[in-house]
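Only heavy atoms go into these numbers, but all of them, side chains included; no hydrogens, no water, no symmetry mates.
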Amino acid sequence: MNRKSRTASPVSPVESPLRHLPLVDLLVETKTELLELALRSGLKVFTAMLEEDRTAICGPRYAHEPERPASRAGTTRSEVVLGGRKVTIQRPRVRTAAGEIPLPTFQMMAATDPLDRRVVEQMLVGVATRQYARSLEPLSPEMTSRGTSKSAVSRRFVAKTAAQLQAWQSAPLDGVALVALIIDGVHIGEHCLVVALGIAADGQKHALGLWEGATENATVCQSLLAHLQSRGLRTDRSVLVILDGALALHKAVRAVFGEAALIQRCQVHKLRNILEHLPERQRPWVRAIVRRAYQATDVKTAIRLLTDLAKRLDDEYPSAAGSVREGLEDTLTVLSLRLSARLQRSLVTTNAAESLLSRTRHVKRNVKRWRGGYMMLRWVAAGVLEAVKGFRRVKGCGDMPRLVAALRTRDQHLGLGVSVENVA
């Protein structure tokens, strides 16, 4: 008779109780140690490079060379830029009869420009001055550093952005073959900053300049255009100027460019102005008619559609009808140039300039208190120059030669000064 064994079976390893391993803590500690190791390794490599410079100047250590041009003079405490901060190291010294000789590698690494550039980049991505030190890689306890305090970071950011603004505002513009100019503004507190964005004959966009004033008025815009003119911007030949519809900007452009300005009103702003005069239930059908007019293939059809719309609105919504008629032809300027549909969509709105200014809103979001217009200029200029790095040519740029030809033909009709080569 078979009997079941009562001997307890050994516990399988699979059935053993689960044990918790502090894996997250282990990974965090490993990451910290790895970053510290990378910094220590970087310092060792840098120290080795300094020693190689000294050997190249003085010759091998302990070698008897009577004609040796320089001699070793021990080491001294110095600072270099490493990982966005200043780190203290022991720098080798070299002396001659005329005095101490600087080591090339140390001169390169001791420059403050890499540190300034790191500070500006951190501020532009949204790191506050008080959190700058936390954004850097950790240092080992035996390494000493400085230059990461709030005041030090702020001083470096102010100095670097001021230099950037000065260099940008003084760069010559005579080498830019400008065919289109977009002007738009951004309001910051009680100030208004007007930016000029240019489009060259190859379709490449160029941030031309920035000006500050109390409002987006004719004086501010005219000062900006006069400043661009003094830097070499040509105003003696036809240029397509795209505006948001402000009468002050229209007046300023005419004062500087005269008949050379071919003004295009932003169709997005115009449609928005028309709809603001209507109740919500009347907006869909009006929007559809205006969009159909702006997408027409010829100017006559677009004018007919908009004129009929104004007549339909005259009795019940006279303000909306007046808004449709106001500046009607300026909203169809690009349509008369017979460009490709893709390039036409790029040139009938100020979206390119508004996209540029949207980058500045992201950059200056951490600023809680503005201390004057110059501070605003520095921050907005920093955001504009950051956005310039990602500039692409306008959509439909393959049709730019047709736009250039149309502008040069207009120059001939108006008698504006233009060479035969440009016409060709």
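Between Cys221 and Leu225, the closest side-chain pair of non-hydrogen atoms falls below 4.5 Å. Using a 4.5 Å heavy-atom cutoff, the side chains of Lys270 and Cys266 are not in contact. Side-chain contact between Leu181 and Val253: absent, with no pair of heavy atoms (C-beta onward) separated by less than 4.5 Å. Contact check for Gln267 versus Arg345: no side-chain heavy atoms found under the 4.5 Å cut-off. Proximity of Lys395 to Leu343: side-chain heavy atoms (C-beta onward) are nowhere separated by under 4.5 Å. Two residues are said to be in side-chain contact when any heavy atoms from C-beta on lie closer than 4.5 Å; Leu165 and Leu377 meet this criterion. The shortest distance between side-chain heavy atoms of Met400 and Ile199 falls below 4.5 Å. The shortest distance between side-chain heavy atoms of Val239 and Val179 does not fall below 4.5 Å.
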Passes side chain to side chain donor-acceptor pair (under 3.5 Å), Arg378 versus Thr161? Steps please.
-> CA-CA 6 Å; Arg378 287 192 297 99; Thr161 53; 2.9 Å; yes

Carefully, step by step, assess Thr96 and Ile101 under the rule side-chain contact (heavy atoms from CB on, under 4.5 Å).
-> CA-CA 7 Å; Thr96 62; Ile101 298 178; 3.1 Å; yes

Report the C-alpha distance between Ile242 and Asp184 in whole Å, list the side-chain angles of each, state the deciding distance to 0.1 Å, and finish with yes or no for side-chain contact (heavy atoms from CB on, under 4.5 Å).
-> CA-CA 9 Å; Ile242 307 165; Asp184 201 3; over 6 Å; no

Which is it for Val384 and Trp168 under the side-chain contact (heavy atoms from CB on, under 4.5 Å) test, yes or no, and what are the steps along the way?
-> CA-CA 10 Å; Val384 168; Trp168 178 40; 3.9 Å; yes

Do Val286 and Arg312 pass the side-chain contact (heavy atoms from CB on, under 4.5 Å) test, and can you show the C-alpha distance, the side-chain angles, and the key distance before you say yes or no?
-> CA-CA 10 Å; Val286 174; Arg312 293 176 62 181; over 6 Å; no

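We find the CG-NE2 distance between Leu233 and His206 to be 11.5 Å, quoted to the nearest 0.5 Å. The CE atom of Met376 lies 4.0 Å from the NE2 atom of His191; values are rounded to the nearest 0.5 Å. Once rounded to the nearest 0.5 Å, the distance linking CD1 of Ile183 with CG of Asp244 reads 9.5 Å. How far OG of Ser230 is from CG of Leu173: 8.5 Å, rounded to the nearest 0.5 Å. Separation of atoms CZ (Arg231) and CG (Leu208) is listed at 7.0 Å; rounding is to 0.5 Å. Here Arg342 contributes atom CZ and Ser346 contributes atom OG; the two are 7.5 Å apart, rounded to the nearest 0.5 Å.
Classification of Asp298 and Lys300 as a salt-bridged pair fails, no side-chain N sitting under 4.0 Å from a carboxylate O. Under 4.0 Å is where a charged nitrogen must lie from a carboxylate oxygen, and between Arg72 and Glu51 at least one such pair does. Using a cutoff of 4.0 Å between basic side-chain nitrogens and carboxylate oxygens, Asp314 and Lys311 are not scored as salt-bridged.
Between the side chain of Lys205 and the backbone N or O of Ala200 there is no donor-acceptor pair closer than 3.5 Å. Judged by distance alone, with hydrogens and angles left aside, the side-chain atoms of Lys251 form no donor-acceptor pair with the main-chain N or O of Gln222 at under 3.5 Å. Side-chain atoms of Asp399 come within 3.5 Å of backbone N or O of Ser340 as a donor-acceptor pair. In this structure a side-chain-to-backbone donor-acceptor pair under 3.5 Å is missing from Arg234 to Val176. A side-chain donor-acceptor contact under 3.5 Å links Gln264 to the backbone of Val334. Side-chain atoms of Arg393 never come within 3.5 Å of backbone atoms of Cys397 as a donor-acceptor pair (strictly under, hydrogens ignored). Using a distance-only test at 3.5 Å, with no hydrogens or angles considered, no donor-acceptor pair links the side chain of Trp370 to the main chain of Val367. Checked by atom type and distance alone, the side chain of Ser323 never pairs as donor or acceptor with a backbone atom of Ala320 at under 3.5 Å. Side-chain N or O atoms of Ser154 include none that pairs as donor or acceptor with a backbone N or O of Lys150 at under 3.5 Å. Not a single donor-acceptor pair under 3.5 Å links the side chain of Thr307 to the backbone N or O of Arg304.
The two atoms that bring Tyr294 and Gln344 nearest to each other are O-NE2, 3.9 Å, heavy atoms only. Scanning all heavy atoms of the two residues, the minimum distance from Leu178 to Gly198 falls at CD1-CA, 3.4 Å. Ala353 and Leu197 make their closest contact through N-CD2, 3.8 Å (heavy atoms, listed as atom of the first residue, atom of the second, distance). Counting all heavy atoms, side chain and backbone alike, Leu240 lies closest to Leu262 at CD1-O, 3.2 Å. The minimum heavy-atom distance linking Ser238 with Asp411 is given by the pair OG-OD1, 2.5 Å. Nearest heavy atoms, Val388 versus Ala207: CG2-CB, 3.7 Å.
Checking Thr331 against Arg265 by side-chain atom types alone, no donor-acceptor pair falls below 3.5 Å. Checking Thr235 against Gln229 by side-chain atom types alone, a donor-acceptor pair falls below 3.5 Å.
Few gaps surround CZ on Arg287; more than 12 heavy atoms of other groups in view lie less than 6.0 Å from it. Residue Gln90 qualifies as enclosed at atom CD: its count of foreign heavy atoms under 6.0 Å is above 12. In the displayed structure, Arg291 atom CZ is contacted under 6.0 Å by at most 12 heavy atoms of other residues, nucleotides or ligands.
When the ring-ring contact (aromatic ring centres under 6.0 Å, His included) test is applied to Phe157, the partners found at least two apart in sequence or on another chain are Trp379. With sequence neighbours excluded, the residues that form a ring-ring contact (aromatic ring centres under 6.0 Å, His included) with His227 are Trp211.
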